[in-house]
Amino acid sequence: MKDREPVTVEARTQELELILEAVLFAASEPVSVKDLLAACSTVESGGPEREELDAALERLAAHYLHRSIELVRSVGGYRFRVRSRFSAQVQAAQPERPPRLSRALLETLAIIAYRQPVTRAEIEDIRGVAVSTQIMRTLTEREWVHVVGHKEVPGRPGLYATTRTFLDDLGLGRLDELPPLDDLRELVDLPSETADAEPPLASRSQEGEEEPPPGS
Amino acid sequence: MKDREPVTVEARTQELELILEAVLFAASEPVSVKDLLAACSTVESGGPEREELDAALERLAAHYLHRSIELVRSVGGYRFRVRSRFSAQVQAAQPERPPRLSRALLETLAIIAYRQPVTRAEIEDIRGVAVSTQIMRTLTEREWVHVVGHKEVPGRPGLYATTRTFLDDLGLGRLDELPPLDDLRELVDLPSETADAEPPLASRSQEGEEEPPPGS
Amino acid sequence: MTEAEVDELERPLEADWSCRVNGSPMGDMPADLYIPPDALEVFLESFEGPLDLLLYLIRRQNLDILSIPIAEITRQYMAYIEVMQALRLELAGEYLVMAALLAEIKSRMLLPRPAGSAEDDEEDPRLALIRQLQEYERFKTAAERIDDIPRLERDVFHAHAARDALAAPPAPAPALDDLIEALVGVLRRASLSAHHQISAEALSVRERMTRILETLEHREFVDFVSLLVVSEGRPGVVVAFLAVLELSKGGMLEWGQGEAFGPIQVRRRMAEVVES
């Protein structure tokens with residue numbers, strides 16, 4: 001520890017906290033510790049070590065403890081996000097809600113996520129229909145999937161895989177944090193058993209569309 | 001004024017402030033008063049009127065008075081922005097690609113280099129278009145050109161010349177290390193021989209005040 | 001119609017599944033298709049393909065595909081396709097391929113199996129289809145779960161602030177090539193007149209003009225000869241002399257001679273107004 005005046009230490013800590021705040025709010029991606037250190041290196045009394053940075057980050061997080069946003073750490077680094085209890089208000093302020101993703105797109109995405117790397121032909125085999133170019137373009141433009149190579153078969157079709165952005169957008173750290181793929185379901189069962197077999201995540205009302213009442 | 005308990009009023013104001021904070025941080029564009037009111041309409045005790053919204057916005061702005069971001073009002077509505085004094089730190093963390101020098105700026109700089117000392121009107125005659133004040137300001141701020149005198153004609157226009165910094169930045173020792181104009185002209189003449197038949201584009205430059213030098 | 005709208009319509013419709021509304025059955029529609037024709041179109045469009053439709057039919061029957069007569073499924077499937085055709089829906093080839101597959105399975109089921117050895121080789125023709133259906137269903141469910149995960153910009157919002165108050169990094173100095181290219185562009189644009197405009201003066205003269213102006217900044221008379229730097233040799237003197245002539249011609253210099261045969265002096269010329 002260097003011998004600094006207490007006042008100076010306080011001013012320095014405050015300055016570090018503000019620098020981190022500025023950098024984190026200015027960024028559109030999570031900011032890595034390395035980049036945070038680089039930003040802090042401009043401070044007069046010399047850039048901080050990792051330990052001091054962590055302390056400043058904690059102070060910053062504490063400052064927002066009772067506010068509507070929170071400092072979170074993800075794989076790529078630190079970022080601010082709106083606390084989930086304010087999601088509805090944020091949505092209410094948006095003049096147009098983001099469009100729902102079509103089932104065709106979601107099914108294609110699911111197959112790529114669980115079967116990657118996978119060719120378009122293989123996706124089509126599983127879905128039983130052609131995959132539209134529009135869907136592949138949308139997935140690519142959203143940076144959720146990308147071509148990671150080519151299969152060494154005639155035509156050398158592209159092999160699709162999901163991206164880091166896909167995981168980030170779903171708030172996942174790793175691919176295996178996706179809900180596990182169901183075992184093959186027997187094509188005979190009662191609706192009640194079906195519901196039991198499903199994990200709670202998928203308990204949304206839309207599950208209803210799968211099983212019309214038996215008595216029809 | 002409705003008769004509410006002071007505590008309730010305080011809690012309500014606090015909640016409005018937090019909702020506004022969430023909405024403004026989530027938005028990538030300025031948020032209109034209309035959309036802010038829409039977000040606040042979800043509050044339990046009933047959505048605010050314009051006056052109460054303004055008060056909450058003021059409170060919110062005050063909360064960030066000593067932070068690295070500020071609440072500003074612009075044409076489209078309200079938004080948070082990072083204070084300019086943190087420019088260097090944000091740059092240090094996540095360097096932006098510097099903007100490229102515009103063609104207009106490069107042309108102006110080249111003309112000053114070859115024709116110095118030269119007035120702005122003379123540059124405009126050669127380029128055939130007006131030279132923006134912004135360009136002259138940028139060149140001066142970068143200390144690539146400076147005014148070395150004034151031409152004794154009506155208006156006493158400034159005479160621009162290049163600086164030592166300009167030579168240093170270009171890695172030149174002296175100005176006459178620039179390629180001679182005659183060499184450049186050869187570059188131009190070869191491809192443009194057919195173009196000679198065309199009427200000169202820069203017709204307004206023909207009023208040229210400058211006579212050819214004695215020695216040529 | 002967007003997919004979203006289809007999805008919206010799908011749910012209320014299924015609630016009405018067993019009700020007969022405006023119940024005029026169409027053509028050969030199977031007896032259990034009690035959907036108003038308008039809604040049926042939306043309903044059928046909402047299937048993601050033949051597997052989806054087949055899966056629906058089987059799940060709806062709530063029967064084991066292995067134990068139900070494939071003929072029944074085939075009959076229903078074909079009925080749906082007929083309805084689609086009646087409604088002039090664009091019938092994708094995949095649906096017809098599936099119909100053909102079902103018919104093939106049905107026909108193979110009808111054939112008597114040779115007893116003994118062949119039994120192991122020849123798989124039940126329904127098995128491959130069942131596996132495909134099961135596989136499809138897993139991903140159909142997975143897709144719904146992925147859609148349920150809180151998603152950025154729909155359920156989760158990052159907090160950020162505008163950067164427009166921040167200063168952009170300064171542009172780097174131009175490369176010499178960029179500068180030359182820009183000048184060549186100007187010359188080319190100026191075409192013929194450029195020859196008269198930008199004369200091929202030696203750069204050293206232009207530079208010396210600048211330096212002389214800088215030297216004379218304070219507007220005091222200096223000895224003319226002092227501007228000619230003898231140490232630069234003859235070329236240096238000539239350059240300086242040409243520069244002084246150029247500046248004089250441009251009206252930027254003022255000459256004076258304190259006494260007869262005294263040293264010739266020179267200073268920057270200023271407008272009278274500025275003085276006093």
Side-chain angles (χ1 to χ4, degrees), chain B residues 25-26 69 79-84 86-87 90-91 95-96 98-101 103 106-107 109-111 113-117 126-128 142 148-149 151-153 156 159 161 169-170 175-176 178-182 184-185 187-188 192 195-196 198 200-202 205-206 208 212-216, chain C residues 157-176 178-207 209-211 213-214 216-217 242 245-247 249-252 268-271 274:
Chain B
F25 274 124
I69 41 189
R79 71 213 164 99
F80 277 114
R81 75 173 177 205
V82 182
R83 291 182 195 271
S84 61
F86 293 95
S87 298
V90 172
Q91 277 300 325
E96 263 180 291
R100 280 179 58 109
L101 295 173
R103 176 131 202 112
L106 285 170
E107 287 182 7
L109 183 57
I111 291 168
Y114 278 90
R115 288 302 292 165
Q116 59 187 291
I126 295 170
R127 286 194 60 220
R142 295 302 300 269
V148 290
K151 188 157 183 172
E152 294 311 323
V153 294
R156 299 190 70 245
L159 285 161
D169 285 359
L170 248 66
L175 198 63
D176 55 13
L178 280 173
L181 203 52
D182 281 335
L184 298 185
R185 184 154 291 126
L187 281 177
V188 179
S192 66
D196 280 357
E198 290 171 12
L201 267 176
S205 63
Q206 269 163 349
S216 67
Chain C
F157 300 92
H158 287 147
H160 40 79
R163 302 171 62 119
D164 58 350
L166 302 177
L176 189 53
D178 295 340
L179 212 56
I180 302 300
E181 198 194 313
L183 191 63
V184 166
V186 174
L187 295 177
R188 189 168 284 154
R189 266 211 320 271
S191 190
L192 275 173
S193 60
H195 291 264
H196 308 295
Q197 268 305 303
I198 306 187
S199 46
E201 252 172 281
L203 270 173
S204 46
V205 175
R206 309 298 317 186
E207 181 177 34
M209 287 166 71
T210 296
R211 272 164 55 187
L213 280 179
E214 283 166 349
L216 298 179
E217 193 175 4
L242 286 175
L245 287 183
E246 271 294 300
L247 286 170
K249 202 172 64 186
M252 283 170 266
R268 269 210 2 221
R269 196 173 132 200
M270 296 281 180
V274 185

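By convention in this document, chain letters (A, B, ...) are assigned in the order of the sequence lines, proteins followed by strands, and residues within each chain are numbered from 1.
Looking at B:L106, the atoms closer than 4.5 Å to chain C (heavy atoms on both sides) sit in the backbone and in the side chain alike. For chain C, the nearby part of B:R142 is the side chain; its heavy atoms alone come within less than 4.5 Å. When heavy atoms are compared at a cutoff of 4.5 Å, B:Q91 approaches chain C solely by way of its side chain, counted from C-beta outward. Both the backbone and the side chain of C:H160 come within contact range of chain B, each with at least one heavy atom under 4.5 Å from a heavy atom of that chain.
Contacts with chain C were tallied for B:S84, B:S87, B:P98; B:S87 has the most, counting heavy-atom pairs under 4.5 Å.
Listed by chain and residue number, nothing satisfies the side-chain contact (heavy atoms from CB on, under 4.5 Å) test with B:R100 (two or more places apart in sequence, or in another chain).
Looking at heavy atoms from C-beta onward, C:L176 lies in side-chain contact with B:L178 at the 4.5 angstrom threshold. Residues B:R115 and C:R206 form a side-chain contact, since some pair of their non-hydrogen atoms from C-beta on lies under 4.5 Å apart. C:L179 places a side-chain heavy atom less than 4.5 Å from the side chain of B:L170.
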**Request:** Take B:L159 and C:L213, measure what side-chain contact (heavy atoms from CB on, under 4.5 Å) needs, and give me the verdict at the end.
**Result:** CA-CA 9 Å; B:L159 285 161; C:L213 280 179; 3.9 Å; yes

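Nearest heavy atoms, C:R268 versus B:V148: NH1-O, 3.0 Å. Contact between B:P117 and C:L247 at its shortest, heavy atoms only, is CG-CD2, 4.3 Å. Residues C:M252 and B:K151 approach most closely at CG-CA, 4.3 Å, considering heavy atoms.
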Tell me which donor-acceptor pairs under 3.5 Å the side chains of residues 162-175 of chain C have, and how far apart each pair is, sequence neighbours excluded?
from: C:R163; atom 1: NH1; to: A:A26; atom 2: O; distance (Å): 3.3
from: C:D164; atom 1: OD1; to: B:R79; atom 2: NH1; distance (Å): 3.4
from: C:D164; atom 1: OD2; to: B:R79; atom 2: NH1; distance (Å): 2.8
from: C:D164; atom 1: OD2; to: B:R79; atom 2: NH2; distance (Å): 2.9

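Counting only distance, with no hydrogens or angles, the side chain of C:E207 and the backbone of B:L175 share a donor-acceptor pair below 3.5 Å.
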